[in-house]
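First up is the structure itself, then whatever we jot down about it.
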Amino acid sequence: MRLSCFPLSTTRETPADADVVSHQLLQRAGFIRKLGAGLYTWMPMGLRVLRRIENIVRQEMDRAGAAELLMPSIQPAELWQQSGRWNAMGAEMLRIKDRHQNDYCYGPTHEEVIVHHARQDVRSYRQLPFNWYQIQTKFRDERRPRFGLMRAREFLMKDAYSFHLDAADLDREYLNMREAYARVFERLGADYRVVQADSGNIGGAKSEEFHILAGSGEDLLAVSSVGDYAANIEAAACPPSGRARPAPSLAMEQVSTPGQKTCEQVSKFLDVALAAKVKLLVAKGHEGALVGIALRGDHELNEVKAARHPLVASPFELARIEDVQAAFGCEVGYLGPVNCPIPVIADHAALEIADFVCGANVNDHHLKGVNWGRDCSLAEGTDLRRIVEGDAAPDGSGGLISFCRGIEGGHIFQLGRKYTQAMAFTVLDEQGQAITPEMGCYGIGVSRLAAAVIEQRHDDKGMRWPDAIAPFRVVVCPIGTDKSERVLKLAGQLHDELCAAGIETLLDDRGLRPGPMFADADLIGIPHRIVIGEKSLANDQYEYKRRDADKPEMIAAGLDAVLEKLGA
RNA sequence: CGGGGCGUAGCGCAGCCUGGUAGCGCACUUCCUUGGGGUGGAAGUGGUCGGAGGUUCAAAUCCUCUCGCCCCGACCA
């Protein structure tokens, strides 16, 4: 490709609305242009990268035995009503009406559509298992689009859906996809980690995320210092420590704590450790009921875990303050499990302390020396809290948890029968009995990966693409073309020869001075650069530089030495 | 959803407080110059100041409404 014929518009200045490196570089290098909040156009240079990532994903999916199809981006509401998600999905689903006032959505995901097609075409167990995937544009009306491509509203996603006779076969395919994903992430040159995840409102049991590790990542990951345990902190389990609760040593006593409402205030006021306090949150239960949630004072609630408890409404919502005050007869700063008017569930860690401090359910008063079982009923113990750094790894390896940040690039789920059942997809088994298939789904955020790779691979000059997904593998830079016919001719010739050898090559024939030319090549992040100028031609040499090398080196002029450097 | 900020040339910004003929840098056009890390110079092109209404002799500037965009937060009693 000759750059003089290729639309490329780079800027030296950083766009004002970009605050992560990938977003800045993508815009500066002219890879993407913003059209609206969370909406981006892929300009030609950027699209080349997107397509290459897409092709790696496609190759690995095909290799893993999945079959590509393409579903509409607009979906009829009827299917979503069948699965029950038309109402369950919130405002992030873009709902639209056609001219007949019929309801549609711009697909945020395609479980409903795929199950619909599966039930149309698949009747027999002989047709199972299968795995269908597409690479399709999706739209999610994020409450806050940000970080450019990392949390855009419209984005490109690979989504795959598999169907199986039984759970064991789903397990097999899940592992198959897990391996395919690992190959994808390795080919992208990404430093990634597979972590246990929560399956969110998609539903289902087993679920893992593939995270590209980066400080700018939106997700916090809990990683064990021993073994390979890692989990999204949303999903990281906090089992009982195994330590027995100490025996009560103090009598319960009510103390005055005027105006001390938060755990921090009370702990300071009474001079007790935060971890020696039990706090009580109140969540909405079912049909207007309230549920008390007891946590140790220094712990935080994990709403995802709470919402899974049968007494707690899902999605999780805190009770309205007026309702809580009506039930307890005091302000929310003084709640506690003693003489509690509503059912209480407690996090394991809150149950492991004795002689604790908690609200007295009386304004401006707390209780000291409180003990489970003796002073209040022993609440049911459940995992309700967010994991914290320094916790023991929940896999029992003896490791300690520390946090790091990641960008979710892929997510694999075992959905079970949630959708196949809701949408009445059955096949006949060998005995002629109808059975409901097990389902898995597997997503990769293709457009997000482009940004994630940049977050990991960049320097102060620009992007540093690996060969596998670079927009071009090589850029040929002729110096002083207006003075030297020979330079221009040799550069054009090398470009043509490299292209003929199947190497994606860019010839910078814009006639720029070396400074701007090199700056653009570095910004765009092309992995290999060949400079041709009279100076080196005097020694019958070209100059070769890797994007990530400090210094250039001289090589013999001609195609062979170049090919050798490229390892081609 | 709550809070804050910003909309002035393609991009980045100043001007607004204190109303009076709209400016700078980059980019772009032409010419000269320069030629190994964004040369130097000369001359140019380009703006209904986000939109609507109001105050005023006069509004980018003050007031009201509205739209768009960005940032922070989103429950821990």
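Numbered from 1 within each chain, the chains take letters A, B, ... in sequence-line order. None of these values were measured; they are calculated from a predicted model.
Rounded to a whole angstrom, the distance from the P atom of U8(B) to that of U48(B) is 12 Å. Taking the C1' atom of each, G3(B) and A74(B) are spaced 10 Å apart, rounded to whole Å. When the C1' atom is compared between G51(B) and C57(B), the two are found 26 Å apart, to the nearest whole Å. For G15(B) and C49(B), the C1' atoms lie 11 Å apart once the distance is rounded to whole Å. A distance of about 37 Å separates the C1' atoms of G40(B) and C6(B), rounded to the whole Å. Spacing between G46(B) and G25(B) at atom C1', rounded to whole Å, works out to 15 Å. Of the C1' atoms belonging to C28(B) and C65(B), the separation is 38 Å, rounded to the nearest Å. For the P atoms, the distance linking C63(B) with C16(B) amounts to 14 Å, nearest Å.
Nearest-nucleotide positions on RNA chain B for His366(A) and Phe147(A) put Phe147(A) closer to the 5' end. Nearest-nucleotide positions on RNA chain B for Glu264(A) and Lys545(A) put Lys545(A) closer to the 5' end.
Across all strands shown, Leu335(A) has no heavy atoms under 4.0 Å from either base or sugar-phosphate atoms. Within 4.0 Å (heavy atoms only), Gly511(A) reaches at least one base atom of the nucleic acid. Among the heavy atoms of the strands, none lies under 4.0 Å from Gly480(A). As judged by a 4.0 angstrom heavy-atom cut-off over every strand, Val324(A) is placed among residues making no nucleic acid contact. Residue contacts shown for Pro516(A) include a base, since a base heavy atom lies under 4.0 Å away. The residue Thr11(A) sits apart from the nucleic acid: no heavy atom pair falls under 4.0 Å. Backbone-only engagement by Ala16(A) is indicated by non-hydrogen atom pairs under 4.0 Å involving sugar-phosphate atoms exclusively. Residue-level contact check: Arg529(A) touches the bases, meaning some heavy atom is under 4.0 Å from a base atom.
With no hydrogens or angles considered, no side-chain donor-acceptor pair links Glu543(A) and Ser536(A) at under 3.5 Å. For the 3.5 Å distance criterion, the side chains of Glu455(A) and His458(A) fail to qualify, holding no donor opposite an acceptor.
Between Lys261(A) and Glu331(A) there is a salt bridge, with a side-chain nitrogen of the basic residue lying less than 4.0 Å from a carboxylate oxygen of the acidic one. Comment: Glu142(A) engages Arg151(A) in a salt bridge, judged by a side-chain N to carboxylate O separation of less than 4.0 angstrom. Lys461(A) has no carboxylate O lying under 4.0 Å from a charged side-chain N of Asp459(A), or vice versa, which leaves the two without a salt bridge. One finds no salt bridge joining Arg95(A) and Asp103(A) here, because no Lys/Arg side-chain nitrogen approaches an Asp/Glu carboxylate oxygen to under 4.0 Å.
Residue Lys34(A) places at least one side-chain N or O closer than 4.0 Å to OP1 or OP2 of C70(B). Regarding contacts with the backbone of G35(B), every side-chain N or O of Arg513(A) stays at 4.0 angstrom or more from both OP1 and OP2.
Here G7(B) sits opposite C67(B) as a Watson-Crick or G-U wobble pair (both hydrogen-bonding atom distances under 3.5 Å). Nucleotide C17(B) is matched to nothing when pairs are restricted to Watson-Crick or G-U wobble geometry with both distances under 3.5 angstrom. Remark: U55(B) base-pairs with no nucleotide; criterion is Watson-Crick or G-U wobble with both hydrogen-bond distances under 3.5 Å. Nucleotide G37(B) forms a pair with no other nucleotide shown, judged by Watson-Crick or G-U wobble geometry with both contacts under 3.5 Å. With a cut-off of 3.5 Å on both Watson-Crick or G-U wobble distances, the partner of C24(B) is given as G12(B). With both pairing distances under 3.5 Å, U48(B) is matched to nothing as a Watson-Crick or G-U wobble pair. A60(B) is unpaired under the Watson-Crick or G-U wobble criterion, no partner having all donor-acceptor distances under 3.5 Å. When Watson-Crick and G-U wobble pairs are counted only if both distances are under 3.5 Å, A42(B) pairs with U30(B).
Atom-to-atom, CG of Leu512(A) to P of C28(B) comes out at 9 Å; the value is rounded to the nearest Å. Atom-to-atom, CD of Glu92(A) to C1' of C1(B) comes out at 15 Å; the value is rounded to the nearest Å. G37(B) atom C1' lies 15 Å from atom CG of Asp550(A), rounded to whole Å. Rounded to a whole Å, the NZ atom of Lys277(A) is 11 Å from the C1' atom of C76(B). What separates NZ of Lys261(A) from C1' of C76(B) is a distance of 15 Å, to the nearest Å. Remark: P of G38(B) and CD1 of Ile524(A) are 17 Å apart, rounded to the nearest angstrom. The interatomic distance linking His23(A) (NE2) with C11(B) (C1') rounds to 14 Å, in whole Å. If you take CZ of Arg12(A) and C1' of C13(B), they are 16 Å apart, rounded to a whole angstrom.
For Lys483(A), whose side chain is taken as the heavy atoms from C-beta onward, the closest listed nucleotide among C76(B), G37(B), G35(B) is G35(B). In this structure, the nucleotide among C76(B), C70(B), G38(B) sitting nearest to the side chain of Lys279(A) is C76(B). Of all nucleotides listed (C76(B), G36(B), C11(B)), C76(B) comes nearest to the side chain of Glu300(A). Distance from the side chain of Arg386(A) is smallest to C76(B) among C26(B), G37(B), C76(B). Side-chain atoms of Lys535(A) lie closest to G36(B) of the nucleotides A74(B), G36(B), C69(B). Side-chain proximity of Glu543(A) to G36(B), C76(B), C70(B): nearest is G36(B).
For the pair Arg529(A) and Phe518(A), the distance from NZ or CZ to the six-membered ring centre is under 6.0 Å and the angle to the ring normal is within 45 degrees. Figure legend: cation-pi geometry between Arg48(A) and Phe472(A), with NZ or CZ positioned under 6.0 Å from the six-membered ring centre and within 45° of its axis.
Counting only residues at least two apart or on different chains, the ring pair (Phe, Tyr, Trp, His ring centres under 6.0 Å) pairs with a member in residues 355-392 of chain A are Tyr334(A)-His366(A), Phe356(A)-Trp372(A).
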